Amino acid sequence: MEKKNIDWQNIGFGYMKTDKRFVSTYKDGAWDEGALIEDDMITMSECAGVLQYAQTIFEGLKAYTAENGKIVLFRPNLNAQRLISSAERMEMPVYPEDKFVDAVLKTVKANEAYVPPYGSGATLYIRPYMFGINPVIGVKPASEYQFRVFTTPVGPYFKGGAKPITIKVSDFDRAAPHGTGNIKAGLNYAMSLHAIVTAHEEGYDENLYLDPASRTKVEETGGANFLFITKDGKVVTPKSDSILPSITRRSLIYVAKEYLGLETEEREVYLDELKDFAECGLCGTAAVISPVGKIVDHGKEICFPSGMEKMGATFQKLYDTLTGIQMGRIEAPEGWIYTVE
Ligand code: PLP
Ligand code: COI
C-alpha cells in the first residue's frame with residue numbers, strides 16, 4: 001500500500017480530510033450495522049439536538065506505525081468504555097465496546113495510506129463521536145443519533161513538540177461540581193474556548209483550571225491531565241471527580257510503577273504546593289507528554305527546576321517508555337496494543 005505524499009515531519013495538529021469514515025445510525029431504539037462511506041459532509045435538520053442543545057460526545061485516540069511496520073492502536077477498549085460513560089451521562093444510547101473497537105479498526109484500515117510512517121513523529125488521530133440528529137425543540141434528549149469515526153494525520157499538539165510550555169492559572173472554570181467534567185462532551189470544550197483564546201492572547205500555551213468549588217486545587221487543562229514529579233522522585237497526579245479520566249495518565253501511572261519502579265500517588269493537589277515540585281507535565285492522547293516549564297498565577301511565576309529548555313529527567317523516562325510501548329520497541333502489558341490487520 002502506497003502512502004500519501006505528505007510532509008509528515010512538518011504537519012501540525014490540524015484536520016486533513018482522509019478517504020473514508022465510518023457511520024452508524026441509531027433509530028427506533030437500535031443501531032444499524034454501520035458502513036464506511038466517502039462523503040465527509042453531514043446533512044441534518046436545522047433543529048437537530050446537537051445544534052440546539054449540544055448533545056454531542058467524542059473520543060480521541062491514535063494509530064501508530066510500529067517499529068515492525070504494523071499499524072497499531074493503543075488501548076481502544078478504554079476509549080470505547082469512556083464513550084459509554086459519556087453517553088450515559090448525556091442520555092444518549094450506548095455504542096457497544098466491541099462495535100466501537102471494530103469501527104475504529106475498520107476506519108484506520110480504510111485510511112492506511114494516511115498513517116504516518118514509523119519515526120516520522122506524526123500519527124493518525126482518530127476521532128469517534130456521537131450526536132443527536134433528529135429535531136428537538138423542547139429540552140430533552142434526541143431519539144435518533146449518529147456514531148461516526150474519522151481520521152486525520154497529526155503532528156505535535158503544542159508547537160515546538162517537546163519544548164516546555166508556559167501556562168496560566170485561569171480565572172474561568174472548566175467544569176462545575178457534579179457537572180460533566182469527567183466525561184468527554186463537546187460542551188466542556190465549548191466552555192473552554194473563551195478561556196483558551198484569552199490565554200493565547202496573553203501569550204500562554206494553555207490554562208490550568210482550578211476546582212470550581214474552592215479554587216484552591218489543581219484540576220487539569222483544557223485538553224490534558226497533569227502529572228507532577230516531587231523532588232524525591234514520586235509521581236503525583238490530581239484526584240478529582242470533575243477531571244477527565246485520561247487513558248494516557250492511567251497508562252503512565254502503571255508504567256511509572258511497573259516499568260520504572262517509581263512511587264505514585266493520586267491525591268488532591270493544592271495550587272499552593274506547586275512551587276515544591278521538581279517537574280510538571282501534561283498528558284493526553286494529543287499532548288502525549290508535554291513538559292510545563294512555568295505556571296503563572298496572577299503575575300506570580302512558578303518555575304519548575306526542570307527549566308524551559310527540555311523535558312525533566314523523570315518525564316523523559318516516562319515518555320520514552322510509553323512511546324516505546326506504543327511503537328512496539330518495548331513489550332506492552334497484555335491487552336494494550338491492538339494490531340490493524
Ligand atoms: N483531559 C481532557 C480535558 C482531554 O480533552 C483529554 C483528551 O482526551 C485528556 C484529559 C487526556 O485524555 P486521554 O489521555 O484519554 O487522551
Ligand atoms: C485528545 O487528546 O484526544 C483530545 O481530545 C484533546 C483535544 C483537546 C484535542
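Computed from a predicted model, the values in this text were never measured in an experiment. In listed order, ligands and their atoms are each counted from 1. The first residue in the sequence is number 1, and the count goes up from there.
- Under the 3.5 Å distance criterion, with hydrogens and angles disregarded, a donor-acceptor pair is assigned to the side chains of Thr151 and Thr18.
- Near Gly284, the atoms of ligand 1 lying under 4.0 angstrom from a non-hydrogen atom of the residue are 11 (C), 14 (O), 16 (O).
- Here the two rings, on Tyr26 and Tyr95, have centers that are 6.0 Å apart or farther.
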- request: For side-chain hydrogen bond (donor to acceptor under 3.5 Å, both in side chains), just list the numbers for Lys184 and Tyr189, CA-CA rounded to whole Å, side-chain angles, deciding distance to a tenth of an Å, and then say yes or no.
  value: CA-CA 9 Å; Lys184 213 158 162 59; Tyr189 300 81; 3.0 Å; yes

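- Side-chain N/O atoms of Asp171 and His298 include a donor and acceptor closer than 3.5 Å.
- Atom numbering of ligand 1 starts at 1 in the shown order; those under 4.0 Å from a heavy atom of Asn225 are 1 (N), 10 (C).
- Atom 1 (N) of ligand 1 has Glu220 OE1, 2.5 Å as its closest protein atom, hydrogens excluded (heavy atom only).
- On a distance-only criterion, Lys184 and ligand 2 share at least one N/O pair closer than 3.5 Å.
- The environment of Met1 atom CE is dense: over 12 non-hydrogen atoms of other residues, nucleotides or ligands sit within 6.0 angstrom.
- If you check each of Pro245, Cys283, Gly223 against atom 6 (C) of ligand 1, the one with the closest non-hydrogen atom is Gly223.
- Under 3.5 Å, the side chains of Ser240 and Glu219 contain a donor-acceptor pair of N or O atoms.
- In this structure, Ser251 does not count as a contact residue of ligand 1, since none of its heavy atoms falls inside 4.0 Å of the ligand.
- In this structure, Phe58 has its ring center at least 6.0 angstrom away from the ring center of Phe131.
- The single protein non-hydrogen atom nearest to atom 6 (C) of ligand 2 is Gly223 O, 3.8 Å, given as residue, atom name and distance.
- Of the possible polar contacts, one joining the Gln55 side chain to the Met90 backbone as a donor-acceptor pair under 3.5 Å is found.
- Numbered from 1 in the order shown, with element, the atoms of ligand 2 that lie under 4.0 Å from a heavy atom of Tyr157 read 8 (C), 9 (C).
- Considering backbone and side-chain atoms together, Ala286 places an N or O closer than 3.5 Å to an N or O of ligand 2.
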message: Could you go through Lys4 and Asp19, starting from their C-alpha distance and side-chain angles, then the distance that decides it, and tell me whether this counts as salt bridge (charged side-chain N to carboxylate O under 4.0 Å, His left out)?
response: CA-CA 11 Å; Lys4 297 283 169 183; Asp19 294 342; 3.8 Å; yes

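- Side-chain atoms of Thr166 and Asp205 form no donor-acceptor pair, as typed in the model, at a separation below 3.5 Å.
- For Arg127, the heavy-atom gap to ligand 2 drops under 4.0 angstrom.
- Put simply, the side chain of Leu210 does not reach to within 4.5 Å of the side chain of Ser170, judged on heavy atoms.
- Close contacts between ligand 2 and Phe58 involve ligand atoms 5 (O) [criterion: under 4.0 Å to a heavy atom].
- By the 3.5 Å distance cut-off applied to N or O atoms, Arg82 is counted among the residues near ligand 1.
- Of the N or O atoms in Tyr125, one or more lie within a sub-3.5 Å distance of an N or O in ligand 2.
- Shown in contact with Arg174 at under 4.0 Å from a heavy atom are these atoms of ligand 1, numbered in order with element: 3 (C).
- At a threshold of 4.0 Å, the pair Arg249-Glu266 counts as salt-bridged, since one of the basic side-chain nitrogens sits closer than that to a carboxylate oxygen.
- Within the listing of ligand 1, atoms 4 (C), 5 (O), 6 (C), 7 (C), 8 (O) sit less than 4.0 angstrom from a heavy atom of Lys184.
- Residue Ile247 has at least one N or O atom closer than 3.5 Å to an N or O atom of ligand 1.
- Using a 4.0 Å cut-off to heavy atoms of Tyr189, the atoms of ligand 1 that qualify are 2 (C), 3 (C), 4 (C), 5 (O).
- At a heavy-atom cutoff of 4.0 Å, ligand 1 is contacted by the backbone of Ala224 but not by its side chain.
- Here the protein heavy atom with the shortest distance to atom 16 (O) of ligand 1 is Thr285 OG1, 2.5 Å.
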